[in-house]
Amino acid sequence: MTRISRFIVSAVLLALVAGSAVDMRARERWPFEKGSELRLSWGVLPLDRPTLYPDDIYGYPGYVDDSYIAGYLESTRYYLGAGRLTGAVNLTYSYRFRRWFELSGILTYSGYDRAGYDKMTGELAFRTGIHNVSLMPYARFVWVYREWVRMYSGVGAGLGFSTTRDIRGTLDTDMCLAFSVTPVGIMVGRDFYGLAELSFGTTGLLSFGVGYRF
């Protein structure tokens, strides 16, 4: 078993133990109701290709062979603008099965774009970048349940697609892994609430957002 696998298994076991130890007094004071939730969040520093390997995929000058004169001239013809990372944009649907257990589906987008300009004219010459879209099931284990505050841990894994565009406009699509391990998250509010999470994976290292229960 790899280190990542052991880490995920340990996180799930700890979350299960925490979920089973929910305060009994809280069960009496704040009755539980099954139901759905929608969340929209934004995460910084997701563990995905746009964030980890931006300079390996924008396609310039790595795709130009500058070992001969024509290639060298082409490689010095353009300059690159600043790259732009979107971070992870997450749309989540959840269903509350138990006070301590929720099952979710998370749709995530993240991207990186960078433009190249002609040195002589300053005009846009090309755009390069990479875009990830993924969908994963996610289990959430609530270990603090109060009227205004919930705290939880969670784990999920799924699949996504990564599309890259190089200097020549060539598109390439690959499958990619989507995963998220959340040691701690917090939601504050009733029907409408704010949320913050610390996670390791494609949803972002730190995530902030809003949600609605119904």
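- Arg150 contributes no side-chain N or O that, together with a main-chain N or O of Val188, makes up a donor-acceptor pair within less than 3.5 Å.
- Donor-acceptor pairing under 3.5 Å is lacking for the side chains of Asp48 and Thr202.
- Asn90 places a side-chain N or O within 3.5 Å of a backbone atom of Thr203 that can act as its donor or acceptor partner.
- Judged purely by distance below 3.5 Å, without hydrogens or angles, the side chains of Arg213 and Ser36 never pair a donor atom with an acceptor atom.
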side-chain contact (heavy atoms from CB on, under 4.5 Å) evaluation trace for Tyr93 with Ile106: CA-CA 7 Å; Tyr93 168 78; Ile106 304 178; over 6 Å; no
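- For OH of Tyr95, the number of neighbouring non-hydrogen atoms (other residues, nucleotides, ligands) closer than 6.0 Å is greater than 12.
- Looking at Ser104, its side chain never comes within 3.5 Å of a backbone N or O of Thr92 through a donor-acceptor pair.
- Look at Glu102 and Lys34 and you find no salt bridge, because none of the NZ, NE, NH1 or NH2 atoms lies under 4.0 Å from a carboxylate O.
- Between Thr86 and Tyr112, the side chains place no donor N or O within less than 3.5 Å of an acceptor N or O (distance only, hydrogens not considered).
- With hydrogens and angles left out, the side-chain atoms of Tyr193 and Glu37 include a donor and acceptor closer than 3.5 Å.
- Here CE of Met136 is found 11.0 Å from CG of Leu159. Values are rounded to the nearest 0.5 Å.
- Pairing each heavy atom of Ser162 with each of Ile130, the nearest pair is OG-CD1, 3.2 Å.
- Under a cutoff of 6.0 Å and an axis angle of 45°, Arg39 and Tyr152 form a cation-pi pair.
- For the residue pair Ser153/Trp143, the side-chain donor-acceptor check at 3.5 Å is satisfied.
- Minimum interatomic distance between Leu195 and Ser41 (heavy atoms only, all atoms of both residues): CD1-CB, 4.3 Å.
- In this pair, Phe101 and Phe97 present their aromatic rings tilted. The plane angle is within the 30 to 60° band.
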